[in-house]
Amino acid sequence: EPEVTQTPSHQVTQMGQEVILRCVPISNHLYFYWYRQILGQKVEFLVSFYNNEISEKSEIFDDQFSVERPDGSNFTLKIRSTKLEDSAMYFCASSELPPTANEQFFGPGTRLTVL
Amino acid sequence: AQSVTQLGSHVSVSEGALVLLRCNYSSSVPPYLFWYVQYPNQGLQLLLKYTSAATLVKGINGFEAEFKKSETSFHLTKPSAHMSDAAEYFCAVYNQGGKLIFGQGTELSVKP
């Protein structure tokens, strides 16, 4: 069964460093998303991406964040200068159809720890 | 603004007992509602979704949920809990732009 994959599963970085979280969405999907979950808190939407453009972004997704689809398979989230409060589980998701009532398929997540 | 509230961050049931996980929503438009499950070290998996076709929605693994507009609720139930149901459960509502808004999550424990 096709699935969303994410690498690495765990990333440890120093405050101020850049990190890139990688995702491989399901191959025929056209809509891509990033969410994050700070330990003990809700899963929060960060950004949605379609047709090589950001469709929607949350207040969390400030200038320190960027997303890219560098080739036909990968979808990345970059944090330019990490802060302690960026420590969280980051989930990538994708959907085949427009994201109204249609399922978003989630990856297993990358746990980011900022020291 | 749309939101969901899950009542109870932790629910514990005995194996074979009824599972009831509560979710209330707030929405100014007819909502699309989802229940996701997260097993340890795995991603979120869709259990079921409400898209206005039917108020009683059946999902995977024997779970179902009933949409009650008058109560703004979308509670998740399963008649008989299995040990394998132990996981974290998230209720979510769809918002514009592809955004899912999640509740706090409810951790379900199943005792033998």
Side-chain angles (χ1 to χ4, degrees), chain A residues 1-7 9-10 23-26 29-51 53-61 67 75 89-111, chain B residues 1-10 23-27 29-55 57 59-60 63 65 67 74 87-107:
Chain A
E1 185 177 329
E3 58 183 17
V4 177
T5 59
Q6 292 185 241
T7 54
S9 58
H10 193 180
C23 168
V24 179
I26 294 173
H29 286 190
L30 301 175
Y31 300 82
F32 314 111
Y33 319 86
W34 284 101
Y35 292 80
R36 78 172 186 189
Q37 185 182 26
I38 295 172
L39 190 63
Q41 297 186 24
K42 293 183 181 185
V43 176
E44 301 172 289
F45 170 83
L46 292 178
V47 67
S48 58
F49 188 86
Y50 168 69
N51 200 24
E53 289 184 343
I54 290 175
S55 305
E56 180 94 7
K57 60 182 181 179
S58 71
E59 293 174 353
I60 304 167
F61 195 88
V67 289
F75 180 52
M89 181 73 90
Y90 288 81
F91 293 105
C92 173
S94 68
S95 65
E96 180 182 6
L97 298 171
T100 52
N102 297 299
E103 179 180 357
Q104 295 182 24
F105 291 80
F106 284 78
T110 293
R111 179 165 298 286
Chain B
Q2 293 175 297
S3 66
V4 290
T5 302
Q6 291 182 242
L7 299 176
S9 59
H10 196 161
C23 173
N24 288 89
Y25 70 90
S26 172
S27 177
V29 297
Y32 295 125
L33 294 161
F34 303 79
W35 274 100
Y36 279 84
V37 60
Q38 185 181 26
Y39 298 104
N41 301 314
Q42 295 187 27
L44 301 167
Q45 180 185 4
L46 182 70
L47 274 177
L48 49 80
K49 63 182 180 183
Y50 168 75
T51 60
S52 77
T55 56
V57 182
I60 62 171
F63 284 94
F67 174 75
F74 190 56
E88 183 133 25
Y89 292 79
F90 295 93
C91 182
V93 62
Y94 172 77
N95 202 335
Q96 63 184 10
K99 183 192 307 184
L100 284 175
I101 298 173
F102 285 87
Q104 293 275 22
T106 298
E107 185 177 353

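First the proteins, then the strands, lettered A, B, ... as listed; each starts at 1. Worth saying up front: this structure is predicted, and the values here are computed from it rather than measured.
The candidate with the highest count of non-hydrogen atom pairs below 4.5 Å against chain B, out of Glu3(A), Lys42(A), Glu56(A), is Lys42(A). Considering only heavy-atom pairs separated by less than 4.5 Å from chain A, the leading option among Gly103(B), Ala92(B), Gly105(B) is Gly103(B).
Atom-to-atom distance recorded for Tyr35(A):OH and Phe102(B):CZ is 5.5 Å, nearest 0.5 angstrom. Summarising the geometry, atom CD belonging to Gln104(A) is positioned 12.0 Å from atom NZ belonging to Lys99(B); distances are rounded to the nearest 0.5 Å. One finds the CD atom of Glu44(A) at 13.5 Å from the CG atom of Leu100(B) (value rounded to the nearest 0.5 Å).
The environment of CG in Leu39(A) is sparse: at most 12 heavy-atom neighbours from other residues, nucleotides or ligands sit within 6.0 Å.
Only the backbone of Val4(B) comes within contact range of chain A, with heavy atoms under 4.5 Å apart. For Gln42(B), the part sitting under 4.5 Å from any heavy atom of chain A is the backbone (N, CA, C, O) and nothing else.
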| task | With side-chain contact (heavy atoms from CB on, under 4.5 Å) as the test, would you mind laying out the steps for Gln38(B) and Gln37(A) before giving the verdict? | result | CA-CA 12 Å; Gln38(B) 185 181 26; Gln37(A) 185 182 26; 4.1 Å; yes

